[in-house]
There are 4 protein chains.
Amino acid sequence: MPKIGMEEPRRRALIDATIHEVGARGGMDVTVGQIARRAGMSTALAHHYFGNKERILLAAMRHILSTFGALVREELARVETPMQRLNAILDASMDRRHFEPETVAAWLAFYVQAQQSPEARRLLRVYALRLHSNLLHELKQLTDPARAARMAQALSALIDGFYIRHALQDQAPDRDDIIDILRDYTCRQLTETGQP
Amino acid sequence: MPKIGMEEPRRRALIDATIHEVGARGGMDVTVGQIARRAGMSTALAHHYFGNKERILLAAMRHILSTFGALVREELARVETPMQRLNAILDASMDRRHFEPETVAAWLAFYVQAQQSPEARRLLRVYALRLHSNLLHELKQLTDPARAARMAQALSALIDGFYIRHALQDQAPDRDDIIDILRDYTCRQLTETGQP
Amino acid sequence: MPKIGMEEPRRRALIDATIHEVGARGGMDVTVGQIARRAGMSTALAHHYFGNKERILLAAMRHILSTFGALVREELARVETPMQRLNAILDASMDRRHFEPETVAAWLAFYVQAQQSPEARRLLRVYALRLHSNLLHELKQLTDPARAARMAQALSALIDGFYIRHALQDQAPDRDDIIDILRDYTCRQLTETGQP
Amino acid sequence: MPKIGMEEPRRRALIDATIHEVGARGGMDVTVGQIARRAGMSTALAHHYFGNKERILLAAMRHILSTFGALVREELARVETPMQRLNAILDASMDRRHFEPETVAAWLAFYVQAQQSPEARRLLRVYALRLHSNLLHELKQLTDPARAARMAQALSALIDGFYIRHALQDQAPDRDDIIDILRDYTCRQLTETGQP
DNA sequence: AATGAATGAGCCTTCATTCAT
DNA sequence: AATGAATGAAGGCTCATTCAT
């Protein structure tokens with residue numbers, strides 16, 4: 001009985017399965033078979049919908065990044081002042097949902113994948129750039145352009161750094177401590193005390 | 001051509017080849033064949049010396065981490081005051097040699113590998129712990145324990161964060177800018193303008 | 001050419017090919033490639049249906065043993081008296097079909113395999129036990145329990161002994177002579193001329 | 001320090017190691033490396049002494065068979081009458097030394113090997129022939145030629161059959177029971193009670 | 001006499017991908 | 001829409017054998 005309009009749910013199921021599987025295995029060395037099985041279909045169908053493995057992986061990556069982007073946008077929509085908006089970005093970046101082990105592992109795996117796949121690289125650049133420009137936009141209203149730029153870079157690095165560390169080390173600070181550190185950093189940078 | 005005492009040079013050649021190959025391909029999905037070919041020997045010989053692929057990979061990882069550790073120790077040996085030593089750690093962490101594209105790629109790949117291989121995980125933890133305790137040791141002499149702890153975590157994250165970003169994004173700040181940011185961060189943290 | 005329901009014929013083809021190949025080569029050192037080629041398919045498909053080499057070999061062994069068992073049962077169904085049934089077992093054991101060189105070689109190879117594979121050992125034990133209990137059941141109705149037991153053991157050993165010798169030596173007696181010897185043995189044992 | 005006159009002990013060590021290794025692993029799939037290691041030398045040396053693997057295996061087989069032959073000869077030297085000599089052959093064939101698990105396994109493995117290697121086949125034929133003619137020689141003095149021939153075949157088969165069964169099945173009768181069965185068989189055959 | 005070094009060939013197994021139904 | 005069938009290609013690993021010392 002040929003079902004109709006199955007394309008969307010099937011694609012979703014495959015993307016979800018990919019993220020779970022990549023996360024569970026902790027790397028990109030997942031097989032189409034594993035993904036398809038978890039998604040409850042045959043490998044042939046997976047290929048039917050995505051053409052090849054790389055495209056499945058890219059779709060999953062795109063999904064993770066767009067989820068992240070949506071979350072930031074959502075948080076930003078709620079607040080007004082630059083300082084609030086800055087904090088909103090940081091909060092969103094540290095949202096609990098990103099810290100689910102599977103997501104973290106998938107994220108890290110995609111980082112590596114990006115070195116081999118130009119398209120993955122492009123996607124990651126888009127994410128990095130957007131985070132950077134989001135931060136920069138708010139920071140520019142809070143301090144001079146040079147410092148704003150430097151802070152945006154530092155905050156981005158902190159976010160990625162904590163993220164990656166969280167993926168591997170039990171001794172990494174937990175989410176609340178991280179937010180404290182980020183707030184403390186911005187706070188001190190914005191407090192005008194010229195370095196002697 | 002001497003036919004004895006080949007073990008050491010062969011192992012070295014394989015380790016170097018592994019790092020280059022992992023770096024060049026940007027991931028752990030290198031074959032023993034590729035490594036062996038680059039090291040100028042047969043795959044059988046590679047297996048003869050290391051037993052299996054994982055052990056080759058781990059040896060390469062161990063080499064990278066110990067190189068990193070040696071560099072830090074070397075820099076630390078040159079200076080005296082806590083502040084100098086702190087800067088020495090940061091400088092060493094940002095040493096140009098770590099930023100050769102192949103090394104960066106290998107480093108990143110090892111991070112992923114660590115999620116699958118307990119031994120890789122252990123190695124990475126050792127590195128992270130050592131960096132952290134090195135930083136902490138100096139920071140404790142410069143500020144109160146709570147802030148020292150927080151700073152050590154932040155600096156570790158910044159280092160890893162910049163490192164990972166450097167691996168992927170052209171727009172990542174260059175080494176000198178990174179050092180500026182790290183210095184600026186520590187400087188501001190250590191300048192007593194306490195938040196109430 | 002129908003593309004569904006291929007599993008059964010494929011498995012059969014692989015089992016047959018295994019027996020032929022093991023028989024032709026005279027040992028278990030057959031490769032999956034050889035088996036698959038003879039069965040007219042790729043090695044990948046062989047693995048698809050059986051999982052791994054050992055399972056292919058075990059399936060072949062199981063097939064040989066169950067063929068043997070079926071033959072005995074078939075012969076037994078035809079006759080009535082204990083003596084007839086005893087002879088039926090001996091006849092079936094010496095059936096021409098078991099003496100095809102390939103089957104003999106495969107049989108022998110399985111005996112060796114049994115020393116390494118617990119499952120193979122189990123299968124062979126089941127065969128030996130069944131033969132023994134079949135013999136014993138009839139013999140008990142023809143003589144006292146002690147002698148029945150001893151005869152069952154002797155006949156089993158004779159069957160296996162002739163079988164193995166047939167596999168290797170041209171000078172081994174042929175099937176009819178073997179049957180004569182078996183009959184003569186039972187006959188004399190059952191004729192009451194007790195040793196004092 | 002080049003040792004001299006090492007050839008003999010080295011060869012012996014390799015032969016012993018082969019038998020142990022084949023017996024321990026229960027098959028001919030032993031590697032030259034395993035044999036050499038157990039014999040306490042390098043694989044290169046093993047090749048130096050025997051040329052190739054097959055020759056090592058054959059030497060081991062030859063050793064087992066000649067040990068068997070020597071034992072029979074030894075036993076035969078001790079007794080006089082045909083009946084005593086017949087029993088001596090049977091006793092020697094069932095000697096405890098043959099039933100050490102390693103020897104049994106090696107024996108069985110050689111049987112299979114014989115299907116692939118003409119030389120192994122030849123060796124085994126020699127053994128079988130010698131056993132047969134030994135038996136025949138004595139039996140001819142105890143009964144008519146036709147029965148003697150038949151008995152020789154039956155006894156050979158019984159010996160091999162019990163041997164092979166012993167290798168695999170716990171339920172096989174032990175050595176003493178086997179000897180009882182063999183004696184009982186000959187006794188009844190030689191007792192003149194014409195079959196009706 | 002003895003061995004570490006070295007390799008070519010081969011085997012089992014996996015996997016992405018295609019095809020016919 | 002969906003899948004079982006099927007495979008080519010490749011990868012990790014083993015091993016008998018050779019060579020130079």
Side-chain angles (χ1 to χ4, degrees), chain A residues 1-7 9-10 29-36 40-57, chain B residues 1-7 9-10 29-36 40-57, chain C residues 1-7 9-10 29-36 40-57, chain D residues 1-7 9-10 29-36 40-57:
Chain A
M1 55 187 114
K3 291 170 193 169
I4 208 158
M6 289 307 288
E7 178 142 0
R10 290 295 197 191
D29 56 347
V30 286
T31 72
V32 176
Q34 288 157 0
I35 293 170
M41 66 191 90
S42 68
T43 68
L45 195 53
H47 276 90
H48 175 67
Y49 281 123
F50 281 97
N52 62 23
K53 186 183 179 179
E54 197 189 5
R55 285 216 275 272
I56 301 178
L57 260 23
Chain B
M1 55 186 98
K3 279 284 178 181
I4 212 167
M6 287 278 87
E7 177 143 2
R10 289 299 195 188
D29 55 348
V30 285
T31 72
V32 175
Q34 288 156 1
I35 293 170
M41 66 191 93
S42 68
T43 68
L45 196 53
H47 278 96
H48 175 66
Y49 282 122
F50 280 98
N52 63 21
K53 186 183 178 178
E54 197 189 5
R55 284 217 274 272
I56 301 178
L57 261 22
Chain C
M1 57 185 98
K3 279 286 180 181
I4 214 167
M6 285 280 89
E7 178 144 1
R10 289 299 195 188
D29 56 348
V30 286
T31 73
V32 175
Q34 288 156 1
I35 293 170
M41 66 191 91
S42 68
T43 69
L45 196 53
H47 278 95
H48 175 65
Y49 283 121
F50 280 98
N52 62 22
K53 185 183 178 178
E54 196 189 5
R55 285 217 273 272
I56 301 178
L57 259 23
Chain D
M1 54 188 112
K3 291 171 194 169
I4 207 159
M6 290 305 291
E7 178 141 2
R10 291 295 196 191
D29 56 346
V30 286
T31 72
V32 175
Q34 287 156 1
I35 293 169
M41 66 191 91
S42 69
T43 68
L45 194 54
H47 276 90
H48 175 66
Y49 281 122
F50 280 97
N52 63 22
K53 186 183 179 177
E54 197 189 6
R55 284 216 276 272
I56 301 178
L57 259 24

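The basis for the numbers below is simple: all heavy atoms, side chains too, and nothing from hydrogens, waters or symmetry mates.
Thr43(C) and Gly33(C) make their closest contact through CG2-CA, 3.6 Å (heavy atoms, listed as atom of the first residue, atom of the second, distance). When every heavy atom of His47(B) is checked against every heavy atom of Lys53(B), the shortest pair comes out as NE2-N, 4.5 Å. Between Glu7(A) and Tyr49(A), the shortest heavy-atom contact is CA-CE2, 3.8 Å. Annotation for Arg55(A) and Gly51(A): closest pair NH2-CA, 3.9 Å, computed over non-hydrogen atoms.
Mapped onto DNA chain E by nearest heavy atom, His47(C) and Ala44(B) fall at different nucleotides, with Ala44(B) at the one closer to the 5' end. Annotation: of the two residues near DNA chain E, Val30(C) and Glu54(A), the 5′-most nearest-nucleotide partner is Val30(C). Between Thr43(D) and Leu45(C), the residue anchored closer to the 5' end of DNA chain F is Leu45(C), taking for each the nucleotide with the nearest heavy atom. The nearest heavy atom of DNA chain F to Met41(A) and to Gly40(C) marks one nucleotide each, and the one closer to the 5' end goes with Met41(A).
Lys53(C) places its NZ atom 14 Å from the P atom of dT14(E), with the value rounded to the nearest Å. When rounded to the nearest whole Å, the span between CE of Met6(C) and P of dT3(F) equals 20 Å. For the pair Ile4(B) CD1 and dA2(E) P, the computed distance is 16 Å after rounding to whole Å. Between the CG atom of Asp29(A) and the P atom of dC15(E) there is a distance of 9 Å, rounded to whole Å. Rounding to whole angstrom units, CZ of residue Phe50(A) and C1' of dA2(F) are separated by 16 Å. In this structure, CD of Gln34(C) is placed 11 Å from C1' of dG10(E), rounded to the nearest angstrom. Atom C1' of nucleotide dC13(F) and atom CD1 of Ile56(B) are separated by 11 Å, given to the nearest angstrom.
Base pairing analysis places dA20(E) opposite dT3(F); the two distances defining the Watson-Crick or G-U wobble pair are each below 3.5 Å.
At dA2(F), none of the side-chain N or O atoms of His48(A) fall inside 4.0 Å of OP1 or OP2 (strictly under the cut-off). Contact annotation: Tyr49(D) side-chain N/O to dA2(E) OP1/OP2 distance is under 4.0 Å. Taking only side-chain nitrogens and oxygens, Arg10(D) comes nearer than 4.0 Å to OP1 or OP2 of dA2(E).
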Please report the C-alpha distance between Asp29(C) and Asp29(D) in whole Å, then the side-chain angles of each, then the deciding distance to 0.1 Å, and finally whether the side chain to side chain contact (heavy atoms under 4.5 Å, CB included) criterion is met. CA-CA 8 Å; Asp29(C) 56 348; Asp29(D) 56 346; over 6 Å; no
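Counting non-hydrogen atoms under 4.0 angstrom, Ser42(D) reaches a base of the nucleic acid.
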